[in-house]
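One structure is given here, and the rest of the page talks about it.
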Amino acid sequence: MTLDLTVAIPSHNDNGHLTRLLSHLATLKFTRSIIVVDDGSLPAPDHDTLIKASGLAPAQLILLRQPQVAGAGAARNRALLHTTTKHLLFMDADDLPTRELRALCRSLAQAGEFDFCMFQHHDSRMGQSGQWGQMAFDQSLWDKTELNHRNLSEVSTTDAACLAQTANYPWNKIYRTDFLHAHRLRCSDTLVHNDIALHWKSFLRAGRILSSARIGVTHFVTPGGDRLTNRLGAERLRVFEPLEEIALEISVENTQKSPYALAFFGFVLGLLCWVNESLDPSLRSELAQRSTAFFNRYLSRSMRTQLKQQRPDDWQRAAKLFQLTV
């Protein structure tokens, strides 16, 4: 029994890595369909060339193109609209699947219906020091749960709130396609920070969440260059668009006392401090003003007290940068 799976891949000026990824997918043989959405690449990839270079069957690969650069989020959303399989996995063009991912897919095919399954990954920055696995912060969150050594587990709400605070990647989860459609879950249309809304809303709306300690993907991080993730200008200020959406959803559903509320606002503290450190210095004053307004709008006094107690380092940094008080 195999999982009925599509792998969706946004790609921008990355034809070399894209071909490498497709070759690995052809070798591992765990996906029925592959959708590549080219995001304004020059030169654009060609379907026949990708088929010949990768060894995929021609009917297995769907190649779509956005003539103008719209970002990875828009590309993923377009791939979702063309997905016909029961399950969907997003991958970046420079990611690589592992054999563990194939084994996980076999297990999931017998696991019954689930909304999504989150799995572990290897970060290339760990490899630079001869280590294998996730970055220390993400791993520490897995370690706080009882899930870290299990090949497949059902996730409680408490453990899910812990895992939700990991880096908000779109490629470490296998989704049920109908779950995404039913809840209108999409990436943001921002060039950066486009995966925050998909990540958090998935946790907020899911019924059955599974997790796996299997390392399913190797993720490559390349500092510098012209990749969208390395942009440090005004586009970073659009981070408040998905943050506002999630904060409003938490408020409307009156879940301020749920584990997700505390987890989300703790995540925001760390994220905005990181944005401040990496942002163009000329924009830091505007970031501070907008961050202060965000926290004043959504953080109750009790939530501030809890954050100060449970995330003291992040609270102290944020309090200094954004004039936060209890």
Side-chain donor-acceptor pairs of residues 157-165 under 3.5 Å, sequence neighbours excluded:
unit_1: Gln165; atom_1: OE1; unit_2: Arg311; atom_2: NH1; d: 2.7
unit_1: Gln165; atom_1: NE2; unit_2: Ala161; atom_2: O; d: 3.2

Evaluate the side-chain proximity of His121 to Arg214: yes if any heavy-atom separation is below 4.5 Å, no if none is.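 SC-SC contact between Arg214 and His121 ruled out.
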Under 30°, 30 to 60°, or over 60°: which ring-plane class applies to [X] and [Y], parallel, tilted or perpendicular?
X      : Y      : result
Tyr298 : Phe294 : tilted
Phe203 : Tyr260 : tilted
Trp171 : Tyr169 : parallel

Using modelled atom types only, decide if a donor and an acceptor are shared between the side chain of Asn296 and the backbone of Ala293 within a distance under 3.5 Å.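 Looks like no, no N/O pair under 3.5 Å.
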Sub-3.5 Å donor-acceptor pair from the side chain of Arg208 to the main-chain atoms of Glu113, do we have one?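 Looks like yes, one N/O pair under 3.5 Å.
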Of Phe114, Phe116, Phe179, which is the lone residue that meets ring pair (Phe, Tyr, Trp, His ring centres under 6.0 Å) with His87?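 That would be Phe114; it is the only one of Phe114, Phe116, Phe179 passing the ring pair (Phe, Tyr, Trp, His ring centres under 6.0 Å) with His87.
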Within the 3.5 Å criterion, strictly below it, is a donor on Asp95 or His219 matched to an acceptor on the partner's side chain?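 Yes, His219 and Asp95 have a side-chain donor paired with an acceptor closer than 3.5 Å.
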Remaining members of the apolar cluster that contains Ile35, side-chain heavy atoms under 4.5 Å: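 Val37, Ile62, Leu64, which link up through side-chain heavy atoms under 4.5 Å apart, make up the rest of the cluster.
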Ring of Phe220, cation from Arg20 - is the NZ or CZ under 6.0 Å from the centre and inside 45° of the axis?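 Cation-pi check for Arg20 and Phe220: passes.
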Check side-chain contact (heavy atoms from CB on, under 4.5 Å) between Ala44 and all other residues, then give those that pass, not counting sequence neighbours.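 With neighbours one apart ignored, the set is Asp38, Arg65.
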